[in-house]
Amino acid sequence: MSYAPFDWIDDAARRRADAGLVRTLRPRPSAADVLDLAGNDYLGLTRHPEVTSAAAAAAREWGAGSTGSRLVTGSTALHAELERELADFCGFEAALVFSSGYAANLAALTALTGHDSLIVSDAGNHASIVDGCRLSRAAVAVVPHADPEAVRKALRAHGGRALAVTDSVFSVDGDAAPLSALADACRENGAALLVDDAHGLGVLGEGGRGALAAAGLAGGEGIVATLTLSKSLGSQGGAILGPAHVIGHLVNTARTFIFDTGLAPAAVGGALGALRLLRREPERAAGAGRVAAALYERLTAAGLTAVRPDAAVVSVRAPSAESAMRWAADCRGAGLAVGCFRPPSVPDGISRLRLTARADLTDEQIAFAVRAVVATAPVSVS
């Protein structure tokens, strides 16, 4: 009898191919060969000389890697410096840096809940939040998208220890969560509010201080934020921000902090360099919003169906997963890289192209991007 324990993988691959859901790696060259509206470099800082110089300087001083977990040898003075400046910039008492935004969400959801608690999660939340909910051992109530009343009802029905979690800006459609109303619902029921501000930092709030600062919620006792260093700050890594006693609890209990190698010094230095640049040039945040609005207005004027952006994500509907893949490929052939979101990445099952606005785009580049998307659009959407 033949032994083939992974035959099921080939069957799954065939089903993915039939559904138009195959994903492939596409290594990019170091020099851009297309206009990139697929990445998340909202402020155009990934290749900024100050940011790359800060990353290189950190690597030279501290080494290529952090050498261990944060509680052993992986914490440097540079990590502590970034944590202090992040907390101060965003309006929180303390911060804790992780190896990724994904790890930060897993840490917050598993360490701030437990088997006796309830997590109320928005149906449109990012996969890292979904996975954190699954790992938490808490009861989880998934409520309709951007519905504070549904959150209120779920919290009221539970009546015990609870936490509501939401993206500040949802990565699929780019719409913003009703944070003030969600905070009210949590406050009324003695629950905490956890907000993933990955797509808000650097874009929303005064000078890019984030969605919670914009809503007047930063620094609240019941408020915790997670964020990424890989979008507006052009580097890599993640962080959790909140009251000092919450951060102290995470240091002692969050498994993705305790058992993971610390963020590499180059990434820490790059993020710190970008944060300091943003402090000096706060107008970059408004620039990303202006570019997103221009893309939306021109695409919809051309007859495409797009979602009005609340931050820097512009989502354009496609008729199917297969057509979305072809559309994205045709855009690349025209010299434009765009994101292609298909199931299971989209909670509503609707495939999309996703364009990420950059504060450093020129009017000519915006016009080129719109022409490329419109010219390659499937007949059924134009």
Side-chain angles (χ1 to χ4, degrees), residues 40 69-70 86 90 92 94-147 150-151 154-155 158 160-172 177 179 182-183 185-186 191-201 210-212 217 222-231 236-243 246-263 341 344-347:
N40 296 307
S69 68
R70 290 288 308 274
L86 271 175
C90 296
F92 285 85
L96 190 64
V97 166
F98 287 75
S99 60
S100 71
Y102 210 112
N105 272 338
L106 295 188
L109 285 159
T110 56
L112 299 180
T113 65
H115 63 86
D116 59 343
S117 58
L118 172 71
I119 299 174
V120 182
S121 179
D122 188 289
N125 279 338
H126 185 264
S128 58
I129 295 176
V130 174
D131 289 351
C133 289
R134 290 170 175 168
L135 292 170
S136 69
R137 295 177 295 172
V140 179
V142 178
V143 295
H145 178 53
D147 188 342
V151 172
L155 292 173
H158 176 67
R161 178 177 159 202
L163 176 149
V165 59
T166 182
D167 285 315
S168 65
V169 177
F170 294 90
S171 60
V172 174
L179 294 182
L182 290 171
C186 290
L193 176 62
L194 173 62
V195 178
D196 180 351
D197 205 20
H199 296 276
L201 177 68
L212 285 161
L217 297 171
I223 306 294
V224 175
T226 59
L227 51 82
T228 178
L229 312 177
S230 64
K231 294 178 172 58
Q236 185 177 345
I240 300 178
L241 292 78
V246 170
I247 299 303
H249 173 75
L250 293 169
V251 169
N252 285 278
T253 61
R255 294 176 66 83
T256 56
F257 179 82
I258 296 170
F259 298 107
D260 193 15
T261 299
L263 186 62
F341 275 35
S345 299
V346 288

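Counting only heavy atoms from C-beta outward, the side chains of Leu112 and Val246 approach each other to under 4.5 Å. Side chains of Val224 and Leu193 form no contact here, defined as non-hydrogen atoms less than 4.5 Å apart. Val195 has its side chain within reach of Leu179: a pair of non-hydrogen atoms, C-beta onward, lies under 4.5 Å apart. Within the 4.5 Å cutoff, side-chain heavy atoms of Phe170 are placed close to those of Thr166. Between Leu212 and Phe92, some side-chain heavy-atom pair lies under the 4.5 Å cut-off. Contact annotation: the side chain of Ile119 approaches that of Ser136 to within less than 4.5 Å [non-hydrogen atoms, C-beta and beyond]. In this structure, the side chains of Phe98 and Asp260 stay at 4.5 Å or more apart for every pair of heavy atoms. Arg161 places a side-chain heavy atom less than 4.5 Å from the side chain of Asp116.
Side-chain atoms of Asp197 never come within 3.5 Å of backbone atoms of Leu227 as a donor-acceptor pair (strictly under, hydrogens ignored). Checked by atom type and distance alone, the side chain of Asp147 never pairs as donor or acceptor with a backbone atom of Val143 at under 3.5 Å. With hydrogens and angles ignored, the 3.5 Å screen pairs a side-chain donor or acceptor of Thr228 with a backbone N or O of Gly237. Without hydrogens or angle criteria, Arg137 side chain to Thr110 main chain gives no donor-acceptor distance under 3.5 Å.
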Discussion item. Side chain to side chain contact (heavy atoms under 4.5 Å, CB included) for Thr113 and Leu118? Distances and angles first, verdict last.
Written reply: CA-CA 7 Å; Thr113 65; Leu118 172 71; over 6 Å; no
Item to complete: Could you walk me through whether Val165 and Asp196 pass the side chain to side chain contact (heavy atoms under 4.5 Å, CB included) test, one step at a time?
Response: CA-CA 8 Å; Val165 59; Asp196 180 351; 5.9 Å; no
Practice prompt. Take Leu250 and Phe257, measure what side chain to side chain contact (heavy atoms under 4.5 Å, CB included) needs, and give me the verdict at the end.
Written response: CA-CA 8 Å; Leu250 293 169; Phe257 179 82; over 6 Å; no
Worksheet entry | Gln236 vs Ser100, side chain to side chain contact (heavy atoms under 4.5 Å, CB included): CA-CA, chis, key distance, verdict | CA-CA 7 Å; Gln236 185 177 345; Ser100 71; over 6 Å; no
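Counting only residues at least two apart or on different chains, no salt bridge (Lys or Arg N to Asp or Glu O under 4.0 Å) pair has a member in residues 95-115.
Between Leu182 and Ala177, the shortest heavy-atom contact is CD1-CB, 4.3 Å. Nearest heavy-atom pair, Arg70 versus Val97, reported as atom, atom and distance to 0.1 Å: NH1-O, 2.9 Å. Across Leu86 and Ala95, no two heavy atoms sit closer than the pair CB-CB, 4.4 Å. For the pair Ala103 and Thr256, the tightest heavy-atom approach, listed with the atom from each and the gap, is O-OG1, 2.9 Å. Here the closest non-hydrogen pair linking Leu106 and Ser128 is CD2-O, 3.7 Å. Nearest heavy atoms, Val142 versus Ala123: CG1-CA, 3.7 Å.
Between Asp167 and His126, the side chains place no donor N or O within less than 3.5 Å of an acceptor N or O (distance only, hydrogens not considered). Donor-acceptor pairing under 3.5 Å is recorded for the side chains of Asn125 and Ser121.
Here the CG-CG distance, from Asn105 to Leu194, works out to 6.5 Å after rounding to the nearest 0.5 Å.
In this structure, the side-chain contact (heavy atoms from CB on, under 4.5 Å) partners of Ala191, at least two apart in sequence or on a different chain, are Leu155, Ala162, Cys186. For Arg255, the salt bridge (Lys or Arg N to Asp or Glu O under 4.0 Å) criterion is met by no residue, not counting sequence neighbours.
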